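None of the values given here were measured: they were computed from a predicted structure. Counting starts at 1 for both ligands and their atoms, following the listed order.
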Amino acid sequence: MISKKVAEALNAQINKELYSSYLYLAMAAYCKAEGLGGFAKWMGVQAGEERGHAMKLYGYLEDQGAKVLLGAIAAPPSDFGSARRVFEETLAHEQLITASIHALVDLAVKEKDYATQGMLQWFVNEQVEEESTAAEVVAKLKMVGGDARGIFMVDRELGARAG
Ligand code: OFO
């Protein structure tokens, strides 16, 4: 059994993960409209992964006999300015999520909730990967600048993401 405080915080994190999914879906729609099918594919797969993160927390709350409470999901932006901005915003968003996960770990430690600490470790590790992947794409896009051929190549590479 987990405390009310921890259950509330995990429910709030479910909302953040679902917003992440919604944000990446909005980015997918933007990229597709800009003719960047590979970027759109990558973002679509990412949106699915974020839903998976929400469901991991959902399942954990259920396993702990806590009630899942779903709140309203905020509307994401629809215009991101450029392909590079898309990934800069992705990186900034993932950094926010990392801070949010770390705050959850702090709470679980404070509450002496060992099971939640263990469950959250997966998210701590996942965030290292999420930030590193986004930073790598930002670096590539900085390198190619406005060069259409370079963007085309990054688009092809992102389009190869399985999912
Ligand atoms: Fe992108 O890791 Fe969940 O939110």
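- Within a 6.0 Å sphere centred on CE of M153, other residues, nucleotides and ligands contribute 12 heavy atoms or fewer.
- Ring to ring, Y60 and W122 are not that close: their centroids are 6.0 angstrom or more apart.
- A donor-acceptor pair under 3.5 Å is formed between the side chain of Y30 and the backbone N or O of S82.
- One N or O on the side chain of N15 and one on the backbone of A72 form a donor-acceptor pair closer than 3.5 Å.
- For ligand 1, the atoms lying closer than 4.0 Å to a non-hydrogen atom of S20 are 4 (O).
- Closest heavy-atom contact between L107 and K5: CD2-O, 3.9 Å.
- For atom 2 (O) of ligand 1, the nearest non-hydrogen atom from the set E131, H93, E130, E126 comes from E130.
- Restricting E50 to its N, O or S atoms, the one at the least distance from atom 3 (Fe) of ligand 1 is OE1.
- Atoms of ligand 1 lying under 4.0 Å from at least one heavy atom of H53, given by number and element, are 2 (O), 3 (Fe).
- The residue K16 has no part lying near ligand 1, judged by heavy-atom distances below 4.0 Å.
- Taking 2.8 Å as the criterion, E17 does not count as a coordinating residue of atom 1 (Fe) of ligand 1, since none of its N, O or S atoms falls below it.
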